[in-house]
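Proteins come first, then strands; the chains are lettered A, B, ... in the order of their sequence lines, and each starts at number 1.
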Amino acid sequence: MGDLSGLGATPVLGLSLTLGGYVVGRWVYERTGRHPMAQPVLIAVALVMGVLGVFHISYDDYMKGAGIIGFWLGPATVALALPLYREFALVRRAAVPVLVGVGVGSLVSIGSALWFTQWAGGDETLQRTLAPKAATTPIAIALTQSLGGLPGITTVCTIVAGAIGAVVGPWLLTRIGVRDLRARGIALGSVSHGIGTSRALIESRTEGAFSGLAMALNGLATSIWIPILFR
Amino acid sequence: MTTPEPRPGFLTGILALLGCQLVGEASVRLADLAFPGTVVGMVLFAIVLGIARPKAGAPLTRAPAAMLRHLQLLFVPVGVGIIANLHELGRWVLPIASGLWFSWLVGIVAVGWLVQALLGFGRAAQERDVDG
C-alpha cells in the first residue's frame with residue numbers, strides 16, 4: 001500500500017484547501033443572511049487551521065499551494081484603483097472634507113492603535129501588527145510585513161475591525177449626531193474599509209460611494225503615515 | 001453545439017494589474033522608499049483608468065472587478081499564518097482587544113465629526129458667496 005506523505009510536497013493540497021475553505025465560508029456567510037460577523041475569510045481560516053491540525057500538515061507544506069493564491073494579493077491591491085477611479089469625481093465635489101477627513105482620520109487610527117495597544121500591555125511587535133488595521137486588508141498586510149509585525153494577526157484584526165464597523169458603525173454614527181450621508185460614508189470607509197463599505201451601500205448609494213472612496217484613500221494615507229511614524 | 005467565444009479582455013486586465021505592480025515595485029526599490037510597491041501600482045492603475053476612461057464591464061476593468069469580488073479568498077493563506085502565533089495570541093488577548101476596539105471607536109468618531117464639521121463650513125462659505 002502506498003502512503004500520502006508525499007502529497008504535502010505538491011501545491012494541489014494547499015490550493016484546494018484554501019479554495020475549499022473559502023467556498024464553505026461563502027456558503028455560511030450567505031446562510032446567515034450575510035451577517036457581518038460571518039466573514040468568509042474568518043470561517044475559511046478556522047477551517048483550514050482545523051484541517052492542518054487534524055492531519056498534521058505543516059504550514060510550510062500548506063503554503064506550497066496557498067502561496068500561489070497569496071501571490072494575487074499584490075495585483076488585487078492594484079485593482080483597488082477601480083473604486084478610487086469610479087468615485088474620484090466625489091473628491092472634486094468635497095475636496096477639503098474628504099482629503100482632510102481621511103488624512104487626519106488615518107493618523108488618528110494609527111496613533112490610537114499604538115497607544116491603546118501599549119496601554120493594555122502590548123509590546124512593540126504587537127503595536128506594529130495593529131498599526132495598519134484601519135487600512136483595507138491587502139494594504140494592511142503589505143504594511144505589517146514591511147514593519148515586521150505578525151501578518152496573520154493583522155489579517156484577522158483588520159477583518160474584525162471591518163465587521164465591527166458593519167455591525168455597530170451606522171448606529172454609533174447616528175448616536176453621535178453624524179447624519180450627513182457623505183460624512184457617514186467617509187467615516188465608515190476610513191475605519192472599516194471594504195466591509196464597512198458593503199454596509200454603507202445598504203444604507204444609501206451616496207454613503208457607499210463615499211465609503212469606497214475613503215477606503216481607497218485611507219489605504220494610501222496609511223501607507224504614507226506608517227513609514228514616517230516608524231522611521 | 002458550438003463552444004461560446006471566451007469573453008475577450010480578461011487577460012488585458014490581468015496584464016495591466018501586473019504591469020502597474022511591476023512598475024510600482026521597481027520604483028520603490030529604485031527610490032529606496034519604505035512604501036509598498038503595490039500601493040504605487042494602485043495609484044498608477046488609477047491614472048491609467050483616468051486616461052483610458054473605460055466603461056463598466058470594459059476589458060480593462062473586468063479582471064480587476066472579478067478579483068475585488070473575491071478579495072477575501074486572497075487573505076486566507078496569510079490569515080492561516082496566525083497558526084504560528086497562537087501562543088502570542090493567548091498572551092495578548094487584552095492588548096489586541098484594546099488596540100482594536102478603542103482605536104476603531106476613536107477613529108470613527110473623529111472622522112465622522114471632523115468631516116461633518118468641514119462639510120458644514122463649506123456650505124456656510126458657499127452661502128456667503130451667493131449672498132455676496
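Residue with the most contacts toward chain B among A:Leu84, A:Leu130, A:Leu82: A:Leu82 (heavy-atom pairs, distance under 4.5 Å). Your options are A:Gly122, A:Ala113, A:Gly65, and the one with the most heavy-atom pairs under 4.5 Å with chain B is A:Ala113. Each of A:Pro75, A:Ala187, A:Pro138 has some count of heavy-atom pairs under 4.5 Å with chain B, and the biggest count is that of A:Pro75. In terms of heavy-atom pairs under 4.5 angstrom with chain B, the leader among A:Ala142, A:Ala214, A:Gly74 is A:Gly74.
Residue A:Ile228 does not touch chain B at all, counting heavy-atom pairs closer than 4.5 Å. With a threshold of 4.5 angstrom between heavy atoms, A:Ala161 approaches chain B through its backbone and through its side chain. Heavy-atom distances place both the backbone and the side chain of A:Ile153 under 4.5 Å from chain B. Only the side chain of B:Leu114 comes within contact range of chain A, with at least one heavy atom under 4.5 Å from a heavy atom of that chain. In this structure, no portion of A:Leu147 lies under 4.5 Å from any heavy atom of chain B. Heavy-atom distances place no part of A:Gln118 under 4.5 Å from chain B, backbone and side chain included. At a 4.5 Å heavy-atom cutoff, the contact between A:Ile159 and chain B is made by side-chain atoms alone. Contact of B:Leu60 with chain A is not made at all, since no heavy-atom distance falls under 4.5 Å. With a 4.5 Å cut-off on non-hydrogen atoms, A:Phe71 touches chain B through its side chain but not through its backbone. If you measure heavy-atom distances from A:Ala134 to chain B, you find no contacts under 4.5 Å at all. Heavy atoms closer than 4.5 Å to chain B are found in the side chain of A:Trp119, but not in its backbone. With a 4.5 Å cut-off on non-hydrogen atoms, A:Ser146 does not touch chain B at all. For A:Leu181, no part sits under 4.5 Å from any heavy atom of chain B, backbone or side chain. Of the two parts of B:Ala65, the backbone and the side chain both hold a non-hydrogen atom closer than 4.5 Å to a non-hydrogen atom of chain A. Proximity to chain B is absent for every atom of A:Val102, based on heavy atoms less than 4.5 angstrom apart. Within the 4.5 angstrom heavy-atom criterion, only side-chain atoms of A:Tyr62, from C-beta onward, approach chain B. With a 4.5 angstrom heavy-atom cutoff, A:Leu73 touches chain B via backbone and side-chain atoms both.
Taking all atoms of both residues into account, the shortest heavy-atom contact from A:Trp72 to B:Met67 is O-CE, 3.5 Å. Shown here for A:Leu173 and B:Gly112, the closest heavy-atom pair between the two residues is CD2-CA, 4.4 Å. In terms of heavy atoms, A:Ser109 sits closest to B:Ser103 at O-OG, 3.0 Å. Of all the heavy atoms in A:Val96 and B:Leu118, the pair that sits closest is O-CD1, 4.1 Å.
A donor-acceptor pair under 3.5 Å is formed between the side chain of B:Trp113 and the backbone N or O of A:Ile176. Within the 3.5 Å criterion, the main-chain N or O of A:Gly177 finds a donor-acceptor partner in the side chain of B:Gln116. Of the possible donor and acceptor atoms, none in the side chain of A:Ser112 sits under 3.5 Å from a partner among the backbone N and O of B:Val106. Panel note: side chain B:Thr38, backbone A:Thr77; no donor-acceptor pair is recorded below 3.5 Å.
When side chains are defined from C-beta on, A:Leu126 counts as touching B:Ile96, because their heavy atoms get closer than 4.5 Å. With contacts defined as side-chain heavy-atom distances shorter than 4.5 Å, the pair B:Ile82/A:Met49 qualifies. The shortest side-chain heavy-atom distance between B:Trp104 and A:Val168 falls under the 4.5 Å cut-off. You'll find the side chain of A:Val108 stays beyond 4.5 Å of the side chain of B:Val111, heavy atoms only. Side-chain atoms of B:Leu68 and A:Pro83, non-hydrogen and from C-beta on, do get closer than 4.5 Å to each other. Counting heavy atoms from C-beta outward, A:Phe116 and B:Trp101 have side chains that stay 4.5 Å or more apart. Annotation: side chain of A:Pro227 is not in contact with side chain of B:Leu33 (no heavy-atom distance under 4.5 Å). Using a 4.5 Å heavy-atom cutoff, the side chains of B:Leu100 and A:Lys133 are in contact.
A:Thr154 contributes atom OG1, which lies 12.5 Å from atom CZ of B:Phe75 (distance to the nearest 0.5 angstrom).
The number of heavy atoms from other shown groups lying within 6.0 Å of CZ (B:Phe35) is above 12.
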